[in-house]
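In what follows, chains carry the letters A, B, and so on, assigned in the order in which the sequence lines appear, proteins first and then strands, with residues in each chain numbered from 1. Everything quoted here is computed from the prediction, not taken from an experiment.
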There are 2 protein chains.
Amino acid sequence: MTTIKALTGSLEDYLEAIYHLLHQENKARVKDVADHLQVKKSSVTVALRALAKQKLINYAPYGEVTLTLLGEKTAEDVVRRHETLKEFFITVLDVDAKQAEDTACKMEHVLSKEMTDKFIQFMEFIDICPRTGQDWVEKFHNYCGEKHASGDCKGCLNEVKEKIRLLPSVKTKEETLCALSSLKPGEKAEVVKIQHKGTFRKRILEMGVTTGAVLMVERMAPLGDPVDIKIRGYHLSLRKEETKNILVKILR
Amino acid sequence: MTTIKALTGSLEDYLEAIYHLLHQENKARVKDVADHLQVKKSSVTVALRALAKQKLINYAPYGEVTLTLLGEKTAEDVVRRHETLKEFFITVLDVDAKQAEDTACKMEHVLSKEMTDKFIQFMEFIDICPRTGQDWVEKFHNYCGEKHASGDCKGCLNEVKEKIRLLPSVKTKEETLCALSSLKPGEKAEVVKIQHKGTFRKRILEMGVTTGAVLMVERMAPLGDPVDIKIRGYHLSLRKEETKNILVKILR
DNA sequence: CTCTTTTGTTAGATATATCTAACTTTAAGC
DNA sequence: GCTTAAAGTTAGATATATCTAACAAAAGAG
């Protein structure tokens, strides 16, 4: 009894909505959730009971809704699947934001962790491989529009050549490396060295900050603390102090 | 009333199963469908009634099940979405066949025509662009396995160079073109010229056989008639006579 | 041509996820 | 602090998609 059975897609949606509301508005009232998901309040009440029964949220009638630790973790996974699909649809397939959002919302429930990782790795690889990169992705978008833009392959080759020419220097010259703390929001980078020891090192490794991983700085508070980054599909918040000792190589 | 409302995911599954059974076994009995979808026969009966009500199948109690024209067309769309996702998962993301099949099965119901096209175009582009191609996809698969195989970029560059060097000759030398009829099963090609006139020209253009489209020969009957091809995610069956006047450029 | 097995149907139950409508609690206005 | 408005809950209805169990039709075996 009380088997930890998998969440239904619908309940995952409610959990995700609560997660977003709590992080963005600091409160997740029944009405907010109802508006967010475009359902009636009565449906939300039912869902909250179900989520509480599964120990994903703290909830009592008329009470405040908060996520349990398990709920937080579960919601993060759902969000990660969602964001991964959405990012792939928008940045790679060039689908418009609304359709990407809607489709990701429906597909997220059936994407395994393994496949989510594959999507993330694929986008990383497109970024990292000198043969591709953002300019290649753009060529694909043009191909879609013009239907048969065989394009300027010679010019393309030169771009690839140049990227490859620059490659070894990146590996030897330390100048091209910099601390994570010196990146600007929107910049992508590959983790080169983690100059931390002990528990903290272990903790950030567990969060996916490992050598070779590709990350992006999402936000930085006015004084640079905290720094929000996205890595392997997860959103992380690091203190500025912690980012100073992570060496990265800026991409592109 | 009797609005042509969208099929539910479940009914799409039944329709898809019927389509496959009819094409593979020439019959789609209640039991076959039940076994195929791993549900009880009573569930199938209910579903058949629903599909018949929507004019997608011909069905009467204890009678034979066949697809209506609308049903055939609808099923083809579902299959196309399914196959597209599955192909992307297997050939690009390198997901194992079973998981690709399962995930495609659940995701297919929420993929729009537009996004299906994008997936197909993306796979086409990977094939066509000299910067990528199958060798690039394989590099990605290695990258996934070894986690950080920065690999032999110089060698890679030479491959790209060679592909681009060969490119112009393809465009001028007629020798590299051949009739679709001379392809072997498994070979991929890009449509270069359709030497047909009138109704048939119009018909095959409608089916997606247009200049620049990438197709693959799936099967060829002993005497070469009919030829089954896959193009833009659709499966087509052409008579040998019809394939003689379609000029293609073999890929890879 | 009957008997048995297989196949197909029906009826009724269950689970999920919604809704509407009525009711209750909490919060806000003055 | 009372009154009203907003927010939240409950109960009961509906729709989908399943199931089990009992029954009916068709097919196969002798």
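- Among residues two or more places apart in sequence or in another chain, the side-chain contact (heavy atoms from CB on, under 4.5 Å) test is passed with Asn58(A) by Thr66(A), Thr68(A).
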Could you list the donor-acceptor pairs under 3.5 angstrom formed by side chains in residues 18-27 of chain B, with sequence neighbours left out?
unit_1: His20(B); atom_1: ND1; unit_2: Glu16(B); atom_2: O; d: 3.3
unit_1: His23(B); atom_1: ND1; unit_2: Tyr19(B); atom_2: O; d: 2.9
unit_1: His23(B); atom_1: NE2; unit_2: Glu72(B); atom_2: OE2; d: 3.3

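- The distance from atom CG of Leu51(A) to atom P of dA17(C) is 10 Å, rounded to the nearest whole Å.
- With sequence neighbours excluded, no residue forms a ring-ring contact (aromatic ring centres under 6.0 Å, His included) with Tyr14(B).
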Checking Glu101(B) against His82(B) for the side-chain hydrogen bond (donor to acceptor under 3.5 Å, both in side chains) test, could you report, in this order, the C-alpha distance in whole Å, the side-chain angles of both residues, the deciding distance, and whether it holds?
CA-CA 8 Å; Glu101(B) 172 68 30; His82(B) 180 111; 3.1 Å; yes
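- Partners of Arg203(B) by side chain to side chain donor-acceptor pair (under 3.5 Å), not counting sequence neighbours: none found.
- Comparing atom distances between the Ser10(A) side chain and each of dT25(C), dT9(C), dT18(C) picks out dT18(C) as nearest.
- Residue contacts for Val39(B): at a heavy-atom cut-off of 4.0 Å it reaches the sugar-phosphate backbone alone, with no base atom in range.
- Looking at residues 13-23 of chain B, you'll see that no heavy atom sits under 4.0 Å from any atom of DNA chain C.
- Within 4.0 Å (heavy atoms only), Lys40(A) reaches at least one base atom of the nucleic acid.
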Pick out the pairs of N or O atoms, protein on one side and nucleotides 10-12 of chain D on the other, that lie under 3.5 Å.
unit_1: dT10(D); atom_1: OP2; unit_2: Arg49(A); atom_2: NH1; d: 2.7

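- Spacing between atom CD of Glu12(B) and atom C1' of dT16(D) amounts to 15 Å, rounded to whole angstrom units.
- With sequence neighbours left out, Tyr62(B) forms a ring-ring contact (aromatic ring centres under 6.0 Å, His included) with no residue at all.
- Identified under the side-chain hydrogen bond (donor to acceptor under 3.5 Å, both in side chains) test for residues 39-48 of chain B, with sequence neighbours left out: none.
- A search for side chain to side chain donor-acceptor pair (under 3.5 Å) contacts involving Arg29(B) returns Asp32(B), not counting sequence neighbours.
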Residues 87-95 of chain A, side-chain donor-acceptor partners within the protein, below 3.5 Å, at least two apart:
unit_1: Glu87(A); atom_1: OE1; unit_2: Lys230(A); atom_2: NZ; d: 2.7
unit_1: Thr91(A); atom_1: OG1; unit_2: Glu87(A); atom_2: O; d: 2.7

Between the protein and nucleotides 1-4 of chain C, which nitrogen or oxygen pairs are less than 3.5 angstrom apart?
none

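- For Lys184(B), there are no side chain to side chain donor-acceptor pair (under 3.5 Å) partners two or more places apart in sequence or in a different chain.
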